[in-house]
Amino acid sequence: AVEEKRTYIVHMAKSEMPARFEEHTYWYESSLKSVSESAEMLYTYNNVVHGFSTRLTPEEAREMETRPGILLVLPELRYQLH
Amino acid sequence: TTRTPSFLGLDQNAAMFPESETASEVIVGVLDTGVWPESPSFDDTGLGPVPSSWKGECEVGTNFTKSHCNRKLIGARYFARGYEATLGPIDETKESRSPRDDDGHGTHTSSTAAGSVVAGANLFGYAAGTARGMAPRARVAVYKVCWLGGCFSSDILAALDKAIDDNVNVLSLSLGGGMSDYYRDSVAIGAFAAMEKGILVSCSAGNAGPSAYSLSNVAPWLTTVGAGTLDRDFPAFVSLGNGKNFSGVSLYRGDSLPGKLLPFVYAGNATNVTNGNLCMTDTLIPEKVKGKIVLCDRGVNPRVQKGSVVKAAGGLGMVLTNTAANGEELVADAHLLPATAVGQTTGEAMKKYLFSDPNPTATILFEGTKVGIEPSPVVAAFSSRGPNSITPEILKPDLIAPGVNILASWSGAVGPTGLAEDSRRVGFNIISGTSMSCPHVSGLAALLKAAHPDWSPAAIRSALMTTAYTAYKNGKLLQDVSTGKPSTPFDHGAGHVDPVSALNPGLVYDLNVDDYLNFLCALNYTSAQINNLARRNFSCDARKTYSVNDLNYPSFAVSLPAKMGTTASSGGGTGSTVVKHARTVTNAGPPGTYKVSVSSSSDSVKISVEPGTLTFSQTNEKKSYTVTFSATPMPPNTNEFGRIEWSDGKYVVGSPVAISWT
């Protein structure tokens with residue numbers, strides 16, 4: 001069965017970035033490509049978290065969580081106006 | 001808004017607030033549904049150049065160009081990648097792929113926080129007056145994150161990320177979702193970074209009241225705002241065929257009802273479906289409704305939609321009655337047909353008449369706007385309530401502000417009911433929610449920021465909280481409309497905001513990033529969880545004792561284990577539990593000696609403060625004290641309340657106390 005993709009916010013430990021990466025965004029991209037060739041980043045975040053948001057299958061999200069330097073892979077939540 | 005500046009004492013004390021140049025340096029960022037830039041609330045007449053600190057932009061998109069920004073509306077961005085990734089491309093025939101507000105909510109909240117002065121504002125003649133935001137000289141930056149399908153966390157985080165880059169000073173978020181732990185909640189995560197940069201983040205508490213544990217946005221680095229009423233009402237009376245008259249509220253304007261009593265019917269008796277009493281779409285039988293006034297029960301579908309359903313079925317008018325969920329709270333709406341909202345008691349009396357009289361009749365009389373309503377404020381029934389379900393030791397909401405029947409600017413793309421069939425267009429609308437109270441506090445925080453540019457977000461919140469009031473001028477305690485009884489700190493937090501007193505609070509409870517990191521350690525957060533939230537490697541010191549009770553918060557919440565095997569009616573047990581809370585206050589005023597006074601609602605709780613006197617010889621001097629709570633065991637769900645006040649005879653620095661046994 002094809003697993004449906006959903007949006008995740010991937011939190012990364014910037015201090016664990018391997019030295020071979022000059023820019024943290026390259027490290028983010030490399031981490032993403034290691035679990036999904038097709039996935040693209042929706043946003044990269046600089047101030048609020050070290051990380052990015054992307055679309056993954058649940059399986060890819062689970063695999064992402066096991067990658068070095070990954071703190072948390074958080075499923076997207078929907079907020080409501082009050 | 002047309003009444004709150006006076007209700008809050010801003011109009012009467014205008015000279016106390018900062019000069020225009022300082023005030024216009026403050027930038028309020030609003031995350032919401034965007035903005036209707038043509039609204040006169042965003043007129044920039046009289047404002048100087050955009051602050052040099054500003055790094056933001058006016059983004060171009062559907063019906064939105066760079067020229068829509070000016071020296072008032074200095075920034076406008078939109079964030080839709082998360083939304084579109086989940087729900088597909090935005091349908092530009094239905095909503096603008098730009099910062100333009102097609103909903104009205106964002107225009108309402110941003111103009112409430114910092115809208116310019118607009119003479120002659122009103123909704124169909126209701127609430128007429130000069131409208132203005134709480135900080136009318138402050139600049140506005142809007143971040144559109146909410147769309148027809150909701151507000152997505154990836155977009156919210158992106159907007160907060162940009163707002164920090166843009167250099168806003170205050171952030172206003174009238175949205176929420178769920179009750180996640182802080183390190184999993186995008187608003188809490190983004191707000192932590194904002195707080196680090198000195199940005200005060202004000203959030204709505206939610207509209208899930210009056211149930212307990214119904215709050216959202218409870219992180220201690222947020223300012224959480226509940227809702228209260230104004231002293232303004234929009235009465236509309238119902239006259240029944242039996243000669244009895246009942247009061248309700250309405251914002252209806254249009255063709256009047258015929259000047260005679262009309263047949264009156266209960267929706268539950270004009271339907272073939274079990275929930276027909278709710279007047280949901282296509283549930284009323286036209287033959288049983290045509291030419292009549294219909295009594296509908298509140299709940300499930302939007303209030304204004306019920307009016308539309310009655311109208312579509314041929315009804316001439318509607319009475320909308322509250323049920324137990326809303327009690328006696330009356331929220332006015334700009335219905336599409338002559339309609340009024342009534343409280344639960346009134347609704348029950350009407351049902352009794354409807355079920356007993358073979359030919360019931362009624363009519364509705366609209367009275368316009370009335371001010372000077374007392375008591376006011378009262379806590380709105382819908383306003384979400386504590387205890388705080390994530391960290392019971394942090395009292396939330398922090399305070400309440402006006403959030404019922406608030407007039408502010410509106411989108412030109414939608415009618416005042418928000419219904420597709422509402423073709424009316426208005427410059428201002430009157431709506432209710434903690435969404436409306438939150439931007440009041442955001443704007444007031446902007447005023448304080450202008451007056452005290454060096455104050456931290458925690459100091460500004462402290463000033464707003466410790467000067468909030470909990471009693472009316474006659475000395476009686478603030479009321480909760482859902483019970484008709486005095487409200488508690490779980491309902492109103494520190495009390496109702498009093499911005500004039502907040503300008504000079506005497507003492508403040510300050511907090512910095514390290515304090516919040518220690519708080520996370522007290523919650524036993526792992527290093528990874530702290531890293532998620534605070535983006536740093538931080539290890540809690542295993543040799544150090546961390547206590548949530550020692551977070552230097554301007555209020556006190558004591559969470560105690562209940563005595564099991566007892567109930568609230570069977571009473572408590574013996575043997576006291578002792579809990580200590582440490583606090584440090586910073587003198588924000590002249591030298592002085594402050595003495596403490598303590599009050600408690602129950603003999604089962606003893607509160608003592610050591611030392612009982614604090615002497616400050618200079619501004620910014622810090623002094624610490626310890627509060628000891630000594631309480632006997634009580635049954636589960638018992639709550640007691642109290643208050644700790646420091647005063648030098650001129651300034652009163654008040655903190656609410658809530659003790660709960662769970």
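To find a chain, count down the sequence lines: A is the first, B the second, and so on, and within it residues start at 1.
- Note that CG of B/Leu157 is 12.0 Å distant from CG of A/Leu42, once rounded to the nearest 0.5 Å.
- Put simply, of B/Ser154, B/Ser174, B/Ser384, B/Ser437, the one with the most heavy-atom pairs under 4.5 Å next to chain A is B/Ser154.
- When the heavy atoms of residues 24-41 of chain A are compared with those of chain B, none of the residues falls under 4.5 Å.
- Counting only heavy atoms from C-beta outward, the side chains of B/Phe152 and A/Ser53 never approach each other to under 4.5 Å.
- Residues A/Asn47 and B/Asp165 have side chains that bring a donor and an acceptor to within less than 3.5 angstrom of each other.
- For a heavy-atom cut-off of 4.5 Å, chain B lies close to A/Leu71, A/Leu72, A/Leu74, A/Pro75, A/Glu76, A/Leu77, A/Arg78, A/Tyr79, A/Gln80, A/Leu81, A/His82 in residues 63-82 of chain A.
- Shown here for B/Ile189 and A/Val48, the closest heavy-atom pair between the two residues is CG2-O, 3.5 Å.
- Under 3.5 Å, the side chains of A/Tyr43 and B/Asp155 contain a donor-acceptor pair of N or O atoms.
- Of the two parts of B/Thr109, neither the backbone nor the side chain holds a non-hydrogen atom closer than 4.5 Å to a non-hydrogen atom of chain A.
- A 4.5 Å side-chain heavy-atom check between A/Ile9 and B/Ser186 finds at least one atom pair inside the cut-off.
- Contact annotation for B/Ala80: only backbone heavy atoms (N, CA, C, O) come within less than 4.5 Å of a heavy atom of chain A.
- Both the backbone and the side chain of B/Tyr183 have a heavy atom closer than 4.5 Å to some heavy atom of chain A.
- With a threshold of 4.5 angstrom between heavy atoms, B/Phe79 approaches chain A through its backbone and through its side chain.
- Most heavy-atom pairs under 4.5 Å with chain A, from the set B/Gly150, B/Ala158, B/Ser216, B/Cys146: that is B/Ala158.
- Residue B/Val145: no heavy atom, backbone or side chain, is found under 4.5 Å from chain A.
- Using a 4.5 Å cut-off between heavy atoms, B/Asn537 contacts chain A through its side chain alone, with no backbone atom that close.
- Across all their heavy atoms, B/Ala85 and A/Thr7 have their closest contact at CB-OG1, 4.1 Å.
- At distances below 3.5 Å, not a single donor-acceptor pair connects side-chain atoms of B/Arg535 with backbone N or O atoms of A/His50.
- Using a 4.5 Å cut-off between heavy atoms, B/Leu173 does not touch chain A at all.
- B/Trp147 meets the ring pair (Phe, Tyr, Trp, His ring centres under 6.0 Å) test with B/Tyr83; sequence neighbours excluded.
- Contacts with chain B were tallied for A/His11, A/Arg6, A/Glu16, A/Met12; A/His11 has the most, counting heavy-atom pairs under 4.5 Å.
- Residues of residues 194-206 of chain B having a heavy atom under 4.5 Å from any heavy atom of chain A, listed by number: B/Ser204, B/Ala205, B/Gly206.
- Looking at B/Asp161, its side chain does come within 3.5 Å of a backbone N or O of A/Asn46 through a donor-acceptor pair.
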